[in-house]
Amino acid sequence: MYKYLYLLICSVAILFLTGCETLEDLTWEEIWGGDDPTSKKDGDFGEYKPKFIMTLNEIVEYPRAEKIERKVKTMDGEDMWINIIPKLHSKNMKRIKAVPDPDNPGMYHLKAELDHTGRLSWMYVTGKYRGEKIAVLIDGIVYTTFMPKYIANEDDTWITLPIPFDEVYAKRIEKYAEKNYKHFHPSIHRIF
């Protein structure tokens with residue numbers, strides 16, 4: 001008897017002490033602790049974990065600042081020193097489209113829609129690092145390097161990265177870009 005009364009009191013307390021948005025995405029299986037085999041969420045408590053995070057980082061030739069420089073691995077197993085503060089990050093890319101390269105079958109270029117901070121960062125990268133190599137990291141591993149060749153202007157909302165990506169990476173980056181952007185920019189309505 002007391003077990004059911006305790007359960008009823010706890011249930012009512014949960015309903016009155018939490019907002020509607022808190023319980024909005026939960027299913028009864030999640031509330032009662034059951035597993036939902038159709039769930040597409042990949043973190044604890046339904047929290048999304050970003051995947052295929054892309055950053056553009058400055059390459060460091062002679063490491064001197066040990067707190068902001070780090071040795072990272074490249075795709076072929078080599079080591080490279082980079083400045084850990086990204087010049088452009090996935091958190092500034094609203095959407096990404098994989099566009100087939102007409103000159104190179106099986107390879108893709110990425111077109112990214114940038115937010116305002118991303119556009120400013122892209123202008124900075126293409127201006128300051130023109131003629132110098134920039135490292136492209138995917139999930140902390142150097143995928144490739146490239147040299148920016150033109151100065152972008154502030155009206156460019158879509159940019160094309162001058163890097164050939166294979167189909168697997170291009171499609172995965174395209175798939176997770178919007179989810180990653182939403183993860184880094186949560187809605188104020190989801191907090192309360």
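Annotation: side-chain hydrogen bond (donor to acceptor under 3.5 Å, both in side chains) contacts of Lys182 (sequence neighbours excluded): none. For Lys179, the side-chain contact (heavy atoms from CB on, under 4.5 Å) partners at least two apart in sequence or on another chain are Tyr48, Tyr176. Scanning for salt bridge (charged side-chain N to carboxylate O under 4.0 Å, His left out) contacts around Lys171 gives an empty result, with sequence neighbours left out. Residues passing the ring-ring contact (aromatic ring centres under 6.0 Å, His included) test with Tyr181 are His185, sequence neighbours excluded. With sequence neighbours excluded, the residues that form a side-chain contact (heavy atoms from CB on, under 4.5 Å) with Lys133 are Ile59, Thr145, Met147. For Glu174, there are no salt bridge (charged side-chain N to carboxylate O under 4.0 Å, His left out) partners at least two apart in sequence or on another chain. Val125 meets the side-chain contact (heavy atoms from CB on, under 4.5 Å) test with Lys87, Ile134, Pro148; sequence neighbours excluded. Under the side-chain contact (heavy atoms from CB on, under 4.5 Å) criterion, Arg130 pairs with Ile151, sequence neighbours left out. Taking Tyr143 as the reference, nothing meets the side-chain hydrogen bond (donor to acceptor under 3.5 Å, both in side chains) condition, with sequence neighbours excluded. Listed by chain and number, the residues in a ring-ring contact (aromatic ring centres under 6.0 Å, His included) with Phe184 are His89 (sequence neighbours excluded).
Separation of atoms CD1 (Ile141) and CE (Met75) is listed at 5.5 Å; rounding is to 0.5 Å. Remark: Leu161 CG to Ile96 CD1 distance equals 7.5 Å, nearest 0.5 Å. Between the CG atom in Asn180 and the NZ atom in Lys49 there is a gap of 14.0 Å [rounded to 0.5 Å]. Atom-to-atom distance recorded for Glu167:CD and Arg172:CZ is 10.0 Å, nearest 0.5 angstrom.
Using a 3.5 Å distance cut-off with no hydrogens or angles, the side chains of Asp115 and Thr117 do not pair a donor with an acceptor.
With hydrogens and angles ignored, the 3.5 Å screen pairs no side-chain donor or acceptor of Asn57 with any backbone N or O of Ala135. A donor-acceptor contact shorter than 3.5 Å is absent between the side chain of Thr55 and the backbone of Pro86. Asp139 places a side-chain N or O within donor-acceptor distance of the main-chain N or O of Ile53, the cut-off being under 3.5 Å. Listed for the Glu69 side chain is a donor-acceptor partner under 3.5 Å among the backbone atoms of Ala65.
Between Phe146 and Thr144 the shortest side-chain heavy-atom distance does not fall below 4.5 Å. With a 4.5 Å cut-off on side-chain heavy atoms, Asp166 and Met107 count as touching. Side chains of Ile173 and Ile138 form a contact here, defined as non-hydrogen atoms less than 4.5 Å apart. Under the 4.5 Å side-chain criterion, counting only non-hydrogen atoms from C-beta, Met93 is in contact with Leu88.
A single hydrophobic cluster is seen to contain both Val136 and Ile159, as judged by linkage of ILVMFWY side chains at heavy-atom distances under 4.5 Å, directly or through other members. Cluster membership for Ile163 and Trp122, using ILVMFWY side-chain heavy atoms within less than 4.5 angstrom, is shared.
Residue Val60 shares its hydrophobic cluster (ILVMFWY side chains chained together at separations under 4.5 Å) with Trp81.
Legend: side chain to side chain donor-acceptor pair (under 3.5 Å) pairs involving residues 99-111, not counting sequence neighbours, sorted by first then second residue: Asp101-His109.
Between Tyr169 and Phe52, the ring-plane angle classifies as perpendicular under the 30° and 60° cut-offs.
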Open item on the list: I'd like to know whether Ile85 forms a side chain to side chain contact (heavy atoms under 4.5 Å, CB included) with Ile68, so could you lay out the CA-CA distance, the side-chain angles of the two residues, the decisive distance to 0.1 Å, and finally the verdict.
Closed with: CA-CA 7 Å; Ile85 301 168; Ile68 64 166; 4.3 Å; yes
Open item on the list: Show, in sequence, the C-alpha distance, side-chain angles and deciding distance for Tyr129 and Glu58, and conclude whether the side chain to side chain contact (heavy atoms under 4.5 Å, CB included) test is met.
Closed with: CA-CA 8 Å; Tyr129 297 101; Glu58 176 184 6; 3.2 Å; yes
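Closest approach of Ala98 and Leu110 over heavy atoms only: CA-CD2, 4.0 Å.
Both the sub-6.0 Å distance and the 45° axial angle are not jointly satisfied by Lys94 relative to the ring of Trp158.
Here Arg95 pairs with Glu113 in a salt bridge; the nearest charged N to carboxylate O distance falls below 4.0 Å.
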